[in-house]
Chemist: 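One structure coming up, written as structure tokens, with questions to follow.
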Amino acid sequence: MHLKDARHLPPEAQEALRYRVVHAIQKGMSKSEAARVFKVSRTAIHHWTKAVATQVLVP
């Protein structure tokens, strides 16, 4: 059986997945564990967490 990756999800579902992964890591889950649990690559997780960490919030 061939599983589709997250790129085949609608944009809203992709955003929700990114949020859930980053939130889990912020709560203490390792990036390796998150990759296994959410079935995404560690590279993607690295990019997502880096984007959140460097995000500049505008008041």
Side-chain angles (χ1 to χ4, degrees):
M1 182 168 119
H2 184 265
L3 298 175
K4 293 182 178 181
D5 62 25
R7 291 175 290 185
H8 292 91
L9 295 172
E12 298 83 13
Q14 289 181 22
E15 182 178 1
L17 175 62
R18 289 190 297 267
Y19 175 83
R20 289 189 354 239
V21 171
V22 171
H23 183 72
I25 291 167
Q26 289 173 337
K27 293 293 183 184
M29 183 181 284
S30 73
K31 289 180 182 177
S32 294
E33 184 179 3
R36 283 191 304 274
V37 169
F38 294 101
K39 298 183 182 359
V40 295
S41 72
R42 279 189 37 85
T43 302
I45 291 173
H46 170 75
H47 291 294
W48 300 343
T49 55
K50 184 177 179 181
V52 169
T54 59
Q55 183 178 20
V56 176
L57 301 177
V58 178

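Residue numbers run from 1 in the order of the sequence given. Since the model is a prediction, treat every value here as computed from it, not as a measurement.
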Chemist: Among Glu33, Arg18, Met29, which residue satisfies the side chain to side chain contact (heavy atoms under 4.5 Å, CB included) criterion with Phe38?
Modeler: Met29
Chemist: Counting only pairs under 3.5 Å, give me each side-chain donor-acceptor contact of residues 20-27, with atom names and distances, residues two or more places apart or in other chains.
Modeler:
none

Chemist: Below 3.5 Å, can you tabulate the donor-acceptor pairs from side chains in residues 41-50 to any protein atom, sequence neighbours excluded?
Modeler:
| from | atom 1 | to | atom 2 | distance (Å) |
| --- | --- | --- | --- | --- |
| Ser41 | OG | Ala44 | N | 3.0 |
| Arg42 | NH1 | Ser32 | OG | 3.4 |
| Thr49 | OG1 | Ile45 | O | 3.0 |
| Thr49 | OG1 | His46 | O | 3.1 |

Chemist: Would one find more than 12 heavy atoms of other residues, nucleotides or ligands at under 6.0 Å from atom CD of Glu15?
Modeler: no
Chemist: Report yes or no: do Val40 and Tyr19 belong to one cluster of Ile/Leu/Val/Met/Phe/Trp/Tyr joined by side chain heavy-atom distances under 4.5 Å?
Modeler: no
